[in-house]
Asker: 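Sharing a structure here in structure tokens format.
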2 protein chains.
Amino acid sequence: MERKDQKTLIGAGVARPDAIDKVRGEARFADDLVFPGMLHAAVVRSPHPHARILSIDTGEAAGCAGVLAVATARDIPGANIVHVVFDDQPALADDVVRYVGEPVAVVAAASRRAAKRAAELVRVSYEELPIVDHPERALEPEAPVIVADPEAAETGNLFNKMILRKGDAAGAFEQADVVVESTYETGYQEHAYLEPQGAVAVPEGSSGMAVYASAQCPFYVQNAVARVLDLPLSKVRIVQTSTGGAFGGKEDVPSLICSLASIAAAKVRRPVKLILDRSEDILTTSKRHPAIVRYRTAAKSDGTLLAVDVDVILNAGAYQTLSSAVLWRSLCTAAGPYRVPNVRVDARSVATNTVPNGAFRGFGSPQVIFPHESQMDRLADRLGIDRVEIRRRNLLRPGDITCTDQRIVDSVGAIQTLEMAAEMSKWAERGAEIARFNASQRERRRGLGVSSVIYGVGLGGKAPFLDKAGAAMKLEADGSISVAVGTVEMGQGLTTAMIQIAAEVLGVSVDQVRMAPVDTSRVPDSGPTVASRGTMMSGLAVLDAAKKLRERVETAAEQMEVPLDQIPSRMGDIARAMWFDNQDLAVEGWAKTEPVDWDPETGLGNVYAVYAYASHVAEVEVDVRTGETHVVDFIAVHDSGTILNRTLATGQVQGGVAQGIGFALMEEIPQRRGHLVVNGLTTYRIPTIQDVGNGAHVGFVEAPYAAGPFGAKGIGEVPLMAAHAAVAQAVAQAVGRQPTAYPLAPEAVRDLIRR
Amino acid sequence: MERKDQKTLIGAGVARPDAIDKVRGEARFADDLVFPGMLHAAVVRSPHPHARILSIDTGEAAGCAGVLAVATARDIPGANIVHVVFDDQPALADDVVRYVGEPVAVVAAASRRAAKRAAELVRVSYEELPIVDHPERALEPEAPVIVADPEAAETGNLFNKMILRKGDAAGAFEQADVVVESTYETGYQEHAYLEPQGAVAVPEGSSGMAVYASAQCPFYVQNAVARVLDLPLSKVRIVQTSTGGAFGGKEDVPSLICSLASIAAAKVRRPVKLILDRSEDILTTSKRHPAIVRYRTAAKSDGTLLAVDVDVILNAGAYQTLSSAVLWRSLCTAAGPYRVPNVRVDARSVATNTVPNGAFRGFGSPQVIFPHESQMDRLADRLGIDRVEIRRRNLLRPGDITCTDQRIVDSVGAIQTLEMAAEMSKWAERGAEIARFNASQRERRRGLGVSSVIYGVGLGGKAPFLDKAGAAMKLEADGSISVAVGTVEMGQGLTTAMIQIAAEVLGVSVDQVRMAPVDTSRVPDSGPTVASRGTMMSGLAVLDAAKKLRERVETAAEQMEVPLDQIPSRMGDIARAMWFDNQDLAVEGWAKTEPVDWDPETGLGNVYAVYAYASHVAEVEVDVRTGETHVVDFIAVHDSGTILNRTLATGQVQGGVAQGIGFALMEEIPQRRGHLVVNGLTTYRIPTIQDVGNGAHVGFVEAPYAAGPFGAKGIGEVPLMAAHAAVAQAVAQAVGRQPTAYPLAPEAVRDLIRR
């Protein structure tokens, strides 16, 4: 792409270079990698949800052909801890197992088959212990306390409790014209990334350990591996491999996967590859937290919200992992994108003998969005107000105060997303059309749902110390540009966005810019690639680096008497001259978040530097005999500030909408006494192309964020967050009843109709 | 190593981390590497020293089992040029071959064996052309002109001509009390690195090409590969693999090796490994330039030098590669480490139909050192002056003017090296001892030789644009340090020196510091790892980075009220606090050479920023019947400024002395009509442990260089440079006759005795 033909790259639909590699089969995923002398690992896992380990006999396994080592907790050179937020989780259980699938030993063998066979021969004898498998049960006084480390819990099985108190919620309820209340339950959602978890740990002699991993957060993994291996951070480097999707599932889990591979690799002093198969991945790695949310809403008769009173319970599973952070977002998001003067939220995450749950696109927010959007529709129905209109009356506008008492002024496009979604969907006319359709049909009913959401971009006031990002940039002697950042490409398009920013500032064509593979030893800690922060934070770091480089280039151009507007076409000459003059062609960029704060005593504060917004409209058809649902049409409108790449942003929305449809309509994992009842992707249904049809019609409200790169905020998680609620409300409208649980699978829809 | 027990790391014998990896078998060399889908390459080479290619038939080879591709010049995506200094050398010959072993095609196959077998089946038909195989013959008017590109030659087969004119040499000779003259010939020297040339080219899809290579100069290779592949530099990254020795042999040659591997990899879109076997490596890659040097020296009767008049002819082989740079060092070094008021040098490098010669430790200087030191001894003998004394009278001292008219003031320890060597060797007493020994023996004679040398550190006035270096450094959140530079560890100890510098400045222990693998995409162009510049230049860049980081650490310490002297013990806390505060923990260091200049019209100028010096004394025993020689004792004294690591510097001296002994006494490759007559290391003899005995007694004169890191200059090449001359002069003393050619193998010594 020649820059001279183009005024700006910002917003352009620049093609993803990583997509080309993937389509050609040239991208290398963790399982593609080979290293000299590489072994394969298999994990010995607990078959029990809660049990004491009496003994581990590795003798028979260790004697198998091709087996090089069987590592147990005793082989861990450093601490037997997988640090995420708390230190409660062991890499390999050495005393008590707390969930089905918890790692007990890891076998390293010449082939994956030999490793798996030997893993079955590791004899672990257990004494089963009483279990808790439901969070409400776990909170009962007589429940057995199952937490590993009391320091990582508030009390008993209560991992975390957070509160939000704004105004006088109790008083507001007393004075309300109308109060609606219900309890909402949502279950597990599996990330269902195309590529399962995987890593290869490669000992580098005196340089320590390199781990090649499918991971969202290489710097988390670096810390975790350094800890289990007892190495300085400088001697652990994490190299991200091409990552076939993540959606939060590769935020915390790779710290465990990479620790296991590293423990085995350190024992045998050879590279060890650990790849989970699909079933193992689904059964043993984190999912979206199942939630129980009791939600009361008070309003005036004109629909004006007066108060919300919310109790959130998240099933955290056996260890803390990210539950405290997930819960925090549930807390801050509980009131939705609305002006609510009085707010009371109690949010709790609870330990159970189930797989630890962690990050998933939306990160604790979908669990409260289903409730807050259902409540809006209940209110609208009760008051006879149009559902778009009731949102219009309550949505946050510039200058308004959020539920955490934060005044938001800059880049607040919530109301515009609603108006555009209403316009794109022809909301009013379509309602009439649907009514005609439904009147004409016996077995099919259609409904129209609308949802609006707010999303605090980045890590916010609970972990502001993670909101930083570095970039290394180098002008090559031919005028081409090398860039490295510490956040990752996992399919979302980060690489392309970074290339666009660098190319835009330096005036070169995008094919002259190359992003280096992410290697923790290469760039300063850029924080995790989560919270829809990648483009915003790494983008700011790349922007900083590019501007510094641009200054040097401009100085050189001046000396060469090259006019500023000719820099792009003369970049090669200028770079060559700078190189000949021994000028430093490398720069380093740095970005940190705008100040945020949060008071745990009240739950109030300027909790996020900026928010993204979205409003979705879904039309869903229901077969009233079978309960089958079908998304007829979908409109998704987002305010993520300036859109850097319209094609990629649209792709993010399409994918998020599909994942939201799956969450609302089909994705389900029953749990029975700590065992997940699921058999890979055969019994865990995710949407196919038939379920999403032609995809969403996407619109962007670009309310620019002055502190973001070229005005960009974040987008990644928001589409999923809004989509499921729009779909669920469309089903509700179709069948005439508000659902209180996901998924709205055919049986559940039939039940709803019969209720 | 805990820093608190130690005042300074500078000079300490810190152990080489890379040595531990090598001893354990954990270092990974190019041939150890495997990549998904990797193929193996074999090169089809010219059997003729000069011939026209009439046709290339790859059909049969391409049809062989396991063969994926046969690439010829037509498959090169970019320019068919291996750029080193000039553009005269093709990657794959497409019209004329100019030396035996020149690449014509490259086969990529599933195994090395399949590739080699197929390479034999590529049918190339040639029309043989007249050849020139001797540089003096090549300069005759009737010689066939064999240069590929007339632009890369002065005229005819004369590649390069350089002159040095200082004072009035002709007039000085007329007024001299004494004139000595001789012509000296030296032959090929093979680098004989433990690890042959090798590389793996790995296509990285839209990111371009990564090449993992055993290479001294990754940035040269990056340029070369970008050119043949027609890629921007940002899309070619060179990763240096553990390098099993180089000695200059991996300066220019890897550009060809990596280009060949990359051409094949680009054609098949799969990784391609190319490893030369030993015989192929010796026969087809560069060696030390054979030289013919006519040397006249004029002196006063007290031994004071008045003038030198030197004609240097180097046999460059078929292509330019580095010959112009090698010749330039011959030119500047021609007068040795002495005050010579009148100098005339004519230096020429000449094309012949032989393997292109290139860099080799000493880089054109040993070819003139053998002459200048032989001349000193001839003078001493003629004038009856002690050989140490005549050097003492002429050696450069601070404030003196070199042969290029450069006044040297700082860090001039030449005379101290001579005095220390004389003292360590008990020069005077030992002469008497040897005389008694010789008087007592019939068949054995001993001799004592002394040599003094000067070495301009770095690239000097001919290529000042290469004398720069960058470093990337990062303080990890636990206080450990990651460092990356662009110069390479090839056995010389660079990694250790860099770790010492970083640890010294930051006050951490050396095991907290890790050097990253060298990857051209990681650091700014650090120039080549040649010219004994690695420690000095990259050391300055690391120093610069470490000082910047230290400043930030001190600011943070001040805020934390940590006293400066407690920073080392509190580094972890400080780093953690800085990390929590979102401070930028990464820095970039930069260094460039002090100004140098050179006037090609006169050959004069401040040609190097600083010089290293050495004086060696060798005692050699000769068996007068067989001509066999045996080094009895060796003393090596060096001024390389401050010694950063005495153990490693001593190792460098020991290795260089061994290689110098080999050059003087045994290493030889006859050449017949363009064919090298050598059969691997069976017929190419290099010194074994038996030939170097207990090694040299090493002394250091540490004349600190104010502009170097902690006062360091360079050391790498100097030991070889001084050693061969000391040995040769010892043989001369033993047999009573001055040799005029290397090597002094038994036959040559017998001839010398009989002469």
Side-chain angles (χ1 to χ4, degrees), chain A residues 17-18 20-21 24 26-28 32-36 38 203-208 222-223 226 232-235 237 269 464-465 467-468 470 472 474 476-484 511-517 519 521-525 579-582 584-588 590 592-593, chain B residues 17-18 20-21 24 26-28 32-36 38 203-208 222-223 226 232-235 237 269 464-465 467-468 470 472 474 476-484 511-517 519 521-525 579-582 584-588 590 592-593:
Chain A
D18 58 300
I20 296 166
D21 299 345
R24 281 188 171 142
E26 293 178 344
R28 295 287 164 233
D32 293 324
L33 300 183
V34 287
F35 290 89
M38 187 179 76
E204 295 191 319
S206 55
S207 291
Q222 185 194 16
N223 271 285
L233 287 170
S234 62
K235 294 199 171 173
R237 67 186 181 105
R269 302 182 79 93
F465 49 85
D467 252 345
K468 58 187 117 193
K474 187 179 155 196
E476 301 285 348
D478 64 353
S480 61
I481 311 287
S482 298
V483 187
D511 56 11
Q512 296 289 304
V513 184
R514 175 174 178 274
M515 293 294 291
D519 177 332
S521 73
R522 187 185 269 282
V523 283
D525 191 339
W579 183 88
F580 260 100
D581 190 38
N582 286 351
D584 186 359
L585 302 184
V587 292
E588 213 233 308
W590 186 246
K592 52 185 183 177
T593 198
Chain B
D18 58 301
I20 296 167
D21 299 344
R24 281 188 170 142
E26 293 178 344
R28 295 286 163 235
D32 293 325
L33 300 183
V34 286
F35 291 89
M38 187 179 77
E204 295 191 318
S206 54
S207 292
Q222 185 194 15
N223 271 284
L233 286 170
S234 61
K235 294 197 172 175
R237 69 187 181 105
R269 300 183 81 95
F465 50 83
D467 252 345
K468 58 186 120 196
K474 186 181 156 195
E476 300 285 349
D478 63 354
S480 61
I481 311 285
S482 298
V483 188
D511 56 12
Q512 295 289 303
V513 184
R514 175 176 178 271
M515 293 293 292
D519 178 331
S521 73
R522 189 183 268 281
V523 284
D525 191 338
W579 183 88
F580 259 101
D581 191 38
N582 287 351
D584 186 358
L585 301 183
V587 291
E588 212 233 309
W590 186 246
K592 52 187 185 175
T593 199

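Sequence lines set the chain letters: A, B, ... in the order given, protein chains first and strands last, and positions in each chain run from 1. Please read these numbers as outputs of a predicted model, since none were measured by experiment.
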Asker: Picking from A/Val523, A/Leu585, A/Asp18, which has the most non-hydrogen pairs under 4.5 angstrom with chain B?
Answerer: A/Val523
Asker: If every non-hydrogen atom of B/Pro36 is compared with every non-hydrogen atom of A/Asp32, which pair is closest and at what distance?
Answerer: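 Looks like CG-O, 2.8 Å.
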Asker: Can you say whether B/Pro203 sits under 4.5 Å from chain A via the side chain, the backbone, both, or neither, judging by heavy atoms?
Answerer: neither
Asker: At a heavy-atom separation under 4.5 Å, does B/Val483 approach chain A through its side chain, its backbone, both, or neither?
Answerer: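 Answer is neither: B/Val483 stays 4.5 Å or more from chain A.
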Asker: Specify the closest pair of heavy atoms between A/Ser207 and B/Asp21, including all atoms of both residues, with the distance to one decimal.
Answerer: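 Minimum heavy-atom contact is N-OD2, 4.4 Å.
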Asker: Let's test your reading of the structure: which of A/Ile20, A/Asp525, A/Leu33 forms the most heavy-atom pairs below 4.5 Å with chain B?
Answerer: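 Of the options given, most contacts go to A/Asp525.
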Asker: Please name the pair of heavy atoms, one in B/Leu233 and one in A/Ala477, separated by the smallest distance, quoted to 0.1 Å.
Answerer: CD1-N, 3.7 Å
Asker: Identify the heavy atoms of A/Ser234 and B/Glu476 that sit nearest to each other, and give their distance.
Answerer: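 The pair with the smallest heavy-atom distance is N-CG, 3.7 Å.
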Asker: Looking at OG of A/Ser482 and CZ of B/Arg237, how far apart are the two atoms once the value is rounded to the nearest 0.5 Å?
Answerer: 10.0 Å
Asker: Heavy-atom distance under 4.5 Å to chain B: side chain of A/Gln222, backbone, both or neither?
Answerer: side chain
Asker: Counting only heavy atoms closer than 4.5 Å, note whether B/Asp581 contacts chain A via side chain, backbone, both or neither.
Answerer: backbone
Asker: Hey, does B/Pro232 have a side-chain heavy atom less than 4.5 Å from the side chain of A/Asp478?
Answerer: yes
Asker: Looking only at side chains, do B/Arg24 and A/Ser206 share a donor and an acceptor under 3.5 Å apart?
Answerer: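 The answer is no; no qualifying pair exists.
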Asker: Is the backbone of A/Ser480 close enough, under 3.5 Å, to the side chain of B/Lys235 for a donor and an acceptor to pair up by distance?
Answerer: no
Asker: Quick check: closest heavy atoms across A/Asp584 and B/Glu588, and the distance to 0.1 Å?
Answerer: OD2-OE2, 2.8 Å
Asker: Between A/Arg28, A/Lys468, A/Met38, A/Glu26, which has the largest tally of heavy atom pairs under 4.5 Å with chain B?
Answerer: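 Ranked by contacts with chain B, first place is A/Lys468.
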Asker: Give a yes or no answer on whether the side chain of A/Lys474 reaches the backbone of B/Arg522 with a donor-acceptor pair at less than 3.5 Å.
Answerer: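 Checking the backbone N and O of B/Arg522 against the side chain of A/Lys474, no donor-acceptor pair under 3.5 Å is found.
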Asker: Keeping the roles fixed (side chain from B/Asn582, backbone from A/Thr593), state whether a donor-acceptor pair exists under 3.5 Å.
Answerer: no
Asker: Looking only at heavy atoms and a cut-off of under 4.5 Å, which of B/Arg269, B/Gln512, B/Lys592 has the most pairs with chain A?
Answerer: B/Arg269
Asker: What part of B/Phe580 is in contact with chain A, defined as an atom under 4.5 angstrom from a non-hydrogen atom: side chain, backbone, both or neither?
Answerer: both
